[in-house]
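Ligands are counted one by one from 1 in listed order, and the atoms in each one are counted from 1 as well.
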Amino acid sequence: MNTLNADLHCHSVVSDGTLTPEELARRAKAQGVTLWALTDHDEIGGQTRAAAAAAACGLDYLTGVEISVTFLHQTVHIVGLGFDADNAQLVQGLQQTRGGRSQRAQEMATDLARIGIKGAFEGALKYAGNPNLISRTHFARFLVETGVCKDTYEVFRKYLTEGKPGFVEHRWANLKDAVRWITQAGGMAVIAHPARYKFSANEELALFTEFKGLGGGGVEVVTGSHSAAECVSYTGTALEFGLAASRGSDFHSPAESRTELGALPDLPGQLTPVWQLLAERIQHAPVPAPART
Ligand code: AMP
Ligand code: MN
Ligand code: MN
Ligand code: MN
């Protein structure tokens with residue numbers, strides 16, 4: 001069960017990835033993934049296409065999303081898995097979370113213009129497959145295209161992160177709302193890439209305690225953005241808080257992502273995989289008819 005090649009975190013053109021849901025499904029299949037979830041930021045507009053593409057290429061599928069949340073003045077990402085994508089409260093909550101992205105992007109462009117980088121709003125928008133989901137990643141692509149930086153990692157280091165020009169503080173959803181939107185739609189809430197936040201030990205404890213108390217069910221232990229040591233550390237956290245464990249690459253683009261779809265270590269054997277608790281929510285790929293002899 002823990003050795004399943006599940007990839008339950010990646011992005012398409014519906015948010016800040018560069019591949020379509022169909023291209024991702026085919027790529028996941030080619031990489032040996034057997035259970036897949038598309039988890040676009042704050043947006044489930046790609047779910048019908050992703051589920052259909054998964055069925056067409058023989059992948060089991062869980063619905064997915066990655067919700068932006070503000071917790072103790074930091075942005076935390078909560079992945080939702082196995083929810084009903086037609087749920088009205090979830091749809092409305094996500095719409096509310098997406099609101100304000102355009103305004104924030106305008107402010108980011110104004111900041112960048114002050115240091116001599118002109119036209120960043122229009123430049124970033126060109127990369128956004130979904131104009132309602134303009135993200136820092138689209139700005140990063142524009143700054144690479146125009147030769148300001150050599151890659152998107154350099155952009156984030158120099159421009160789009162806290163304390164750097166081009167960073168605009170933004171208020172996302174509440175943790176409580178995000179967990180509720182997911183769980184009342186029948187899904188499981190999962191803390192994404194916990195090692196990426198800059199919390200003190202006490203703040204992190206508050207995050208996990210509050211999350212668990214609100215009905216959160218899982219944590220990403222194996223992700224493209226965790227080192228082996230971080231994976232060990234969050235194995236302990238999952239056990240301590242009685243959370244199931246998830247596994248996902250956070251793949252965005254063949255040209256940019258360091259971790260390929262499905263190319264991750266197995267979940268440690270002592271953990272309960274999220275897919276065990278979500279078994280009823282998995283959309284199984286049709287079994288191919290036996291070849292005629
Ligand atoms: P946003 O939701 O607009 O704040 O954009 C966040 C996205 O930017 C993340 O989902 C990543 O895709 C990307 N990102 C954030 N920080 C970094 C970083 N340090 N290096 C590379 N990409 C990053
Ligand atoms: Mn992203
Ligand atoms: Mn994330
Ligand atoms: Mn992500």
Side-chain angles (χ1 to χ4, degrees), residues 7-19 24 36-44 46 50 64-71 73-81 94 97-109 111-112 120-121 123-125 127-144 149-164 166-173 178 189-198 219-220 222-226 246-261 264:
D7 193 327
L8 305 180
H9 189 152
C10 70
H11 299 271
S12 77
V13 290
V14 172
S15 64
D16 61 348
T18 61
L19 301 184
L24 283 167
W36 176 53
L38 172 67
T39 55
D40 279 308
H41 296 285
D42 307 325
E43 171 69 272
I44 52 177
V65 69
E66 183 176 19
I67 306 183
S68 314
V69 158
T70 301
F71 185 82
H73 307 288
Q74 281 196 53
T75 300
V76 166
H77 285 168
I78 301 295
V79 162
L81 295 171
L94 293 175
T97 308
R98 287 192 297 275
R101 273 192 180 264
S102 272
Q103 169 77 28
R104 167 192 185 235
Q106 296 277 12
E107 290 170 28
M108 286 166 64
D111 266 19
L112 291 170
F121 180 79
L125 197 56
Y127 285 96
N130 172 359
N132 296 322
L133 211 292
I134 184 162
S135 106
R136 285 185 290 161
T137 315
H138 303 118
F139 280 81
R141 290 185 187 134
F142 170 70
L143 294 190
V144 173
C149 291
K150 70 172 193 317
D151 59 28
T152 54
Y153 293 94
E154 185 185 347
V155 178
F156 279 96
R157 217 165 44 244
K158 292 188 173 164
Y159 296 101
L160 305 178
T161 40
E162 195 160 359
K164 305 286 163 61
F167 180 77
V168 171
E169 188 153 347
H170 191 73
R171 176 124 200 119
W172 302 106
V190 174
I191 297 180
H193 43 63
R196 296 284 65 81
Y197 311 126
K198 296 189 167 60
V219 55
E220 280 183 354
V222 172
T223 113
S225 66
H226 277 182
S246 193
R247 179 181 190 265
S249 58
D250 207 357
F251 182 84
H252 282 70
S253 157
E256 295 163 13
S257 292
R258 290 174 178 169
T259 305
E260 181 53 77
L261 287 164
L264 297 157

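- S249 and D7 share a side-chain donor-acceptor pair at under 3.5 Å.
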Listing, residues 149-159 side-chain donor-acceptor contacts under 3.5 Å, not counting sequence neighbours, or none:
from : atom 1 : to   : atom 2 : distance (Å)
D151 : OD1    : Y153 : N      : 3.2
D151 : OD1    : E154 : N      : 2.9
Y153 : OH     : E256 : O      : 3.3
E154 : OE1    : K150 : N      : 2.8
E154 : OE2    : K158 : NZ     : 2.6

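- A donor-acceptor pair under 3.5 Å is absent between the side-chain atoms of R98 and the main chain of N132, judged by distance alone.
- Looking only at N/O/S atoms, D16 comes nearest to the Mn ion (ligand 2) through OD2.
- Not a single donor-acceptor pair under 3.5 Å links the side chain of S12 to the backbone N or O of G17.
- Donor-acceptor pairing under 3.5 Å is recorded for the side chains of D16 and H252.
- Without hydrogens or angle criteria, T39 side chain to E66 main chain gives no donor-acceptor distance under 3.5 Å.
- A distance-only check finds a donor-acceptor pair linking the side chain of Y197 to the backbone of H77 [under 3.5 Å].
- E107 and H170 are not linked by any side-chain donor-acceptor pair at a separation below 3.5 angstrom, with hydrogens and angles left out of the test.
- Of the candidates S15, S68, S135, S68 is the only one forming a side-chain contact (heavy atoms from CB on, under 4.5 Å) with D42.
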Quick check for students: name every N or O atom pair between ligand 1 and the protein closer than 3.5 Å, with distances.
from     : atom 1 : to   : atom 2 : distance (Å)
ligand 1 : 2 (O)  : R101 : NH1    : 3.3
ligand 1 : 2 (O)  : R101 : NH2    : 3.0
ligand 1 : 3 (O)  : R101 : NH1    : 3.0
ligand 1 : 3 (O)  : R104 : NH1    : 2.9
ligand 1 : 3 (O)  : R104 : NH2    : 3.4
ligand 1 : 3 (O)  : R136 : N      : 2.8
ligand 1 : 4 (O)  : R104 : NH2    : 2.7
ligand 1 : 4 (O)  : R136 : NE     : 2.8
ligand 1 : 4 (O)  : R136 : NH2    : 3.2
ligand 1 : 8 (O)  : T137 : OG1    : 3.2
ligand 1 : 10 (O) : H41  : NE2    : 2.8
ligand 1 : 12 (O) : D16  : OD2    : 3.1
ligand 1 : 12 (O) : T137 : OG1    : 3.3
ligand 1 : 12 (O) : H252 : NE2    : 2.9

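- The set of protein atoms (N, O or S) found at less than 2.8 Å from the Mn ion (ligand 4) reads H9 NE2, H11 NE2, E66 OE1, D250 OD1, by chain and number.
- Every residue two or more places apart in sequence or in another chain that forms a ring-ring contact (aromatic ring centres under 6.0 Å, His included) with H226 is listed here: Y234.
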